[in-house]
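What's counted below: heavy atoms across the whole structure, side chains too, no hydrogens, waters or symmetry copies. For clarity, every value in this text was computed on a predicted model and none was experimentally measured.
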Amino acid sequence: MFVLLDKSHDRQAFDCGNEAINRYLKTMANQHAKKNIAKTHVLSDGAKIQAFYTLSNAHFDNDGIIKGYPRQIPIITIGRIGVSRDYQGQGLSKKAIRHALEKIKALSTDTGITFAMIDAKNEALASYYERLGFIRINNGLKLAYPVSQI
């Protein structure tokens, strides 16, 4: 079960193989949580973090890209996602994304959220997110998942 990151989780031992993701969890995740910039959700085995993802509120500047919606669309961004090397290949990234989408759907009953958005870091990740049901925006690396389809 994913829970919010807290002091009982060993951030320093986490290694997903991506230094930028590791550094975020180790040095910035708690600061972002305190400032309400992003909240980090972790799957752990005791203190050991197996996987994590972040959520933050934002808006998407539509500029006519998505027909039938206003210029600014309320979204939640699924930010950084990491799976510990010790747990890679076990479907935990899919589990993290599914949990994030379910959390976003639950939040949408109390506030306006039109899409879950994710910014793929590269083409391979964009293709992966497409296989999970995300839709590319303008054929780029920004992808959306309509909350109505969760």
Side-chain angles (χ1 to χ4, degrees), residues 1-5 9 11 14-33 36-45 48-150:
M1 172 193 278
F2 281 85
V3 297
L4 288 174
L5 177 69
H9 298 115
R11 294 175 292 125
F14 183 83
D15 180 14
C16 68
N18 180 310
E19 191 51 40
I21 299 293
N22 292 340
R23 186 173 45 254
Y24 176 82
L25 182 65
K26 293 174 183 181
T27 65
M28 296 170 55
N30 278 342
Q31 294 173 32
H32 280 187
N36 279 326
I37 294 169
K39 298 292 183 172
T40 301
H41 301 258
V42 300
L43 179 66
S44 66
D45 181 6
K48 186 173 185 173
I49 297 172
Q50 299 169 310
F52 79 93
Y53 69 88
T54 64
L55 292 180
S56 58
N57 297 312
H59 71 271
F60 174 69
D61 288 323
N62 188 21
D63 294 329
I65 297 167
I66 303 172
K67 303 293 183 215
Y69 286 92
R71 186 176 179 290
Q72 292 190 333
I73 301 172
I75 65 166
I76 292 187
T77 300
I78 302 171
R80 291 161 184 90
I81 301 170
V83 176
S84 169
R85 286 181 191 230
D86 295 338
Y87 297 92
Q88 290 178 3
Q90 298 178 23
L92 293 186
S93 64
K94 288 179 188 171
K95 189 173 184 176
I97 292 168
R98 172 56 39 205
H99 189 270
L101 290 173
E102 289 170 359
K103 177 72 72 175
I104 291 166
K105 179 69 170 184
L107 291 168
S108 76
T109 64
D110 293 327
T111 187
I113 305 166
T114 307
F115 295 99
M117 298 284 262
I118 196 162
D119 290 317
K121 300 301 181 206
N122 56 50
E123 185 60 37
L125 282 173
S127 294
Y128 173 73
Y129 297 137
E130 280 184 307
R131 289 191 301 274
L132 297 178
F134 284 82
I135 302 161
R136 285 190 197 237
I137 304 296
N138 275 355
N139 297 318
L141 297 178
K142 183 176 284 298
L143 297 96
Y145 201 109
V147 171
S148 62
Q149 294 180 12
I150 300 173

Output the distance between atom NZ (Lys121) and atom CG (Asn18), rounded to the nearest 0.5 Å. 9.0 Å

Separation between CG of Leu25 and OG1 of Thr27, rounded to the nearest 0.5 Å: 8.5 Å

Assess the pair Phe60 and Tyr69: is the distance between their ring centroids shorter than 6.0 Å? no

Could you tell me if the side chain of Asp61 sits less than 4.5 Å from the side chain of Gln72, heavy atoms only? yes

Distance from Gln31 atom CD to Met28 atom CE, nearest 0.5 Å? 7.0 Å

Could you state the interatomic distance from CD1 (Ile118) to CD1 (Ile137), rounded to the nearest 0.5 Å? 12.5 Å

Using a 3.5 Å distance criterion without hydrogens, assess whether the side chain of Asp86 forms a donor-acceptor pair with backbone atoms of Gln50. no

Before we go on, tell me: are the rings of His32 and Tyr24 under 6.0 Å apart, centre to centre? yes

Parallel under 30°, tilted from 30 to 60°, perpendicular over 60°: which one fits the rings of Tyr53 and His41? parallel

Asn138 (side chain) donor-acceptor with Gly140 (main chain) under 3.5 angstrom: no

For residues 135-144, the salt bridge (Lys or Arg N to Asp or Glu O under 4.0 Å) pairs (sequence neighbours left out) are Asp119-Lys142, Glu123-Arg136, Glu130-Arg136

Give, for atom CD1 of Ile113 and atom OG1 of Thr111, the distance between the pair rounded to the nearest 0.5 Å. 5.5 Å

Do any pairs count as a salt bridge (Lys or Arg N to Asp or Glu O under 4.0 Å) and have a residue in residues 102-111, sequence neighbours left out, and if so which ones? none

